[in-house]
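Before any comments, here is the structure.
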Amino acid sequence: MCMLSRKATCNSHGQDSSYFLGWQEYEKNPFHEVRNTKGIIQMGLAENQLCFDILKSWIANNPDAAGFKRNGESIFAELALFQDYHGIPEFKKALTEFMSEIRGNKVSFDPNHLVLAAGATSANETLMFCLANHGEAFLLPTPYYPGFDRDLKWRTGVEIVPIHCTSSNGFQITETALQEAYLEAQKRNLRVKGVLVTNPSNPLGTTMTRNELNMLVSFVDEKGIHLVSDEIYSGTAFSTPSFVSVMEILKERKCDENGSQVWKRVHVVYSLSKDLGLPGFRVGAIYSNDDTVVAAATKMSSFGLVSSQTQYLLAAMLSDKKLTKNYISENHKRLRQRQKKLVSGLQKAGISCLKGNAGLFCWVDMRHLLRSNTFEAEMELWKKIVYEVRLNISPGSSCHCTEPGWFRVCFANIPIPGR
């Protein structure tokens, strides 16, 4: 008799994906410019380390925030004791204002509709628990972030049905692909509860067009389902076209004024892991105009709270408008420079990339390097890159790409020398 639960012994976590296997190989043999020059260089991790100097300088100049003080007096006990899971009001206000600033203040966010979570992973899973039952489905455009197989499915039992996108139009979503995915779910006797997109896209490094966003809003409105927009890379749009949030589309369509039900069925996920480069702080958020979703997600957030100390520090940091204005501008500049450097270097080697304008990575086209147009050939090439070139990148198959030979290469997880 097995003494463990089915959840503990099942193999649906996705840890065996080449996306995670690459991490494991790196961790066994990490490159170091002095101690291990023959190690593996990590370019498979979407971290943003380009602006740490700005944040470290602010912390050094604001000792009260980092030292858990208010007007020079310690508030350690206040922060150490139990905090209500609704979150510290000052932090929620500062975070929603930062979200608006990133979007050019074209839309505003009500702190009362914001639910804090321990990172976007927790936020996305919580939304799945709120919006779908075990065995129901969400449609996701391919290629998509490999971690979604874990975040959306593992504990919730929600199914993912792919919306197949191709390189013929830069992997943009088409109405035909949307309808085909919906019909595929029906053939599998799956009730579709919504569509989930990442905008800007991980792994493409592109922002969604207004046409795509309007098409999605119309589609979910017609079907009576939800739309989840994961916008954790919203502050990384470093080039044209600019980032457009789904909330901006709802505002343009006057969904909040005309009584449209879609107003309550569109939800946004946000995080400070990518825009501020703070994945270790575990700060994520759900934004929804549906009071029932907000209430349920708030109750569930007790399983993954953001520490009071973290909220206090970041409330002070994000409330400094001089800092946030400078950070957003400098972050865009440095991301643009780093991406240009990677694209240029790859071009010199005869390798091209999908034209990108956002994110912390490039979607690199190595189809011409495959021995055959198969995913087996893609994995052979990936293993050569990892074990012989000693570079960890993510193969497109781990992102459920339908075309062999595409790879995600991260460029912002290596700090700028001297900073």
Side-chain angles (χ1 to χ4, degrees), residues 11-29 31 39-47 140-153 160-174 177 180-181 184 198 200-206 339 342-343 345-356 359-413:
N11 193 32
S12 60
H13 179 275
Q15 195 72 32
D16 56 350
S17 164
S18 52
Y19 174 74
F20 293 110
L21 293 177
W23 285 16
Q24 293 170 19
E25 292 305 309
Y26 164 76
E27 289 169 358
K28 288 189 283 188
N29 185 27
F31 171 85
I40 295 174
I41 296 172
Q42 175 65 291
M43 296 186 77
L45 181 60
E47 285 185 336
L140 271 68
T142 64
Y144 62 77
Y145 166 54
F148 280 152
D149 292 323
R150 168 201 63 198
D151 303 351
L152 309 182
K153 294 173 55 176
I160 292 175
V161 177
I163 304 166
H164 292 300
C165 303
T166 68
S167 61
S168 62
N169 68 343
F171 295 97
Q172 290 186 11
I173 303 171
T174 65
E180 288 177 349
E184 175 61 27
T198 55
S201 169
N202 175 12
L204 299 178
T206 57
Q339 191 251 19
L342 175 60
V343 170
L346 288 170
Q347 285 177 339
K348 290 176 182 177
I351 298 172
S352 62
C353 303
L354 181 71
K355 186 177 181 181
L360 311 176
F361 28 73
C362 289
W363 190 236
V364 181
D365 184 359
M366 299 193 203
R367 288 176 292 179
H368 62 295
L369 298 178
L370 301 183
R371 64 169 177 79
S372 63
N373 186 32
T374 63
F375 287 109
E376 290 77 15
E378 178 183 277
M379 289 307 296
E380 287 178 14
L381 179 58
W382 176 73
K383 288 177 181 178
K384 285 184 179 180
I385 294 171
V386 172
Y387 296 108
E388 297 178 23
V389 181
R390 295 191 177 91
L391 190 68
N392 178 41
I393 61 177
S394 304
S397 55
S398 71
C399 304
H400 300 274
C401 184
T402 58
E403 302 173 12
W406 292 89
F407 294 80
R408 190 192 75 167
V409 180
C410 300
F411 58 74
N413 60 314

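- Qualifying side-chain contact (heavy atoms from CB on, under 4.5 Å) partners for N373, counting only residues two or more places apart in sequence or in other chains: P404.
- When all heavy atoms are compared, the tightest approach of C399 to P203 is SG-CG, 3.9 Å.
- Note that CD1 of I163 and CD1 of I173 are 5.5 Å apart. Values are rounded to the nearest 0.5 Å.
- Taking 4.5 Å as the limit, every side-chain heavy atom of R408 sits out of range of all side-chain heavy atoms of V364.
- In terms of heavy-atom proximity, T402 sits nearest to H164 at CG2-ND1, 3.1 Å.
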Atom pairs and distances, side-chain donor-acceptor, residues 384-394, under 3.5 Å, sequence neighbours left out:
from: R390; atom 1: NE; to: K38; atom 2: O; distance (Å): 2.8
from: N392; atom 1: ND2; to: Q42; atom 2: OE1; distance (Å): 2.7

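- In this structure, CD1 on I160 lies 5.5 Å from NZ on K153, to the nearest 0.5 angstrom.
- Atoms CG and CG, from L152 and L140 in turn, are 6.0 Å apart once rounded to the nearest 0.5 Å.
- Taking CZ of F407 as the reference point, atom CH2 of W382 lies at 9.5 Å (rounded to 0.5 Å).
- Classified by interplanar angle (parallel below 30°, tilted 30° to 60°, perpendicular above 60°), the ring pair F148/Y145 is perpendicular.
- P395 and M379 get closest at one heavy-atom pair: CG-SD, 4.3 Å.
- Between C353 atom SG and L342 atom CG the span is 6.0 Å, to the nearest 0.5 Å.
- Residues forming a side-chain contact (heavy atoms from CB on, under 4.5 Å) with S372 (at least two apart in sequence, or on another chain): T374, A377.
- Taking every heavy atom of both residues into account, I351 and D365 meet most closely at CG2-O, 3.6 Å.
- Side-chain N or O atoms of S201 include none that pairs as donor or acceptor with a backbone N or O of G205 at under 3.5 Å.
- Checked against salt bridge (Lys or Arg N to Asp or Glu O under 4.0 Å), E380 has the following partners two or more places apart in sequence or in another chain: R371.
- Proximity of a side-chain donor or acceptor of S397 to a complementary backbone N or O of H400 within less than 3.5 Å is not detected.
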* To do: Run the numbers on Y144 and N202 for side-chain hydrogen bond (donor to acceptor under 3.5 Å, both in side chains), then give the verdict.
  => CA-CA 6 Å; Y144 62 77; N202 175 12; over 6 Å; no
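- Listed by chain and residue number, V161, K187, R188 satisfy the side-chain contact (heavy atoms from CB on, under 4.5 Å) test with E184 (two or more places apart in sequence, or in another chain).
- In terms of the side-chain contact (heavy atoms from CB on, under 4.5 Å) criterion, residue partners of F171 (sequence neighbours excluded) are, by chain and number, P143, C165, S167, L204, L354, W363, C401, E403, W406.
- Atoms OG and CD, on S352 and Q347 in that order, are 8.0 Å from each other to the nearest 0.5 Å.
- Heavy-atom minimum distance, V409 versus M43: CG1-CE, 3.7 Å.
- Remark: the backbone N or O of G350 is paired with a side-chain donor or acceptor of H368 at under 3.5 angstrom.
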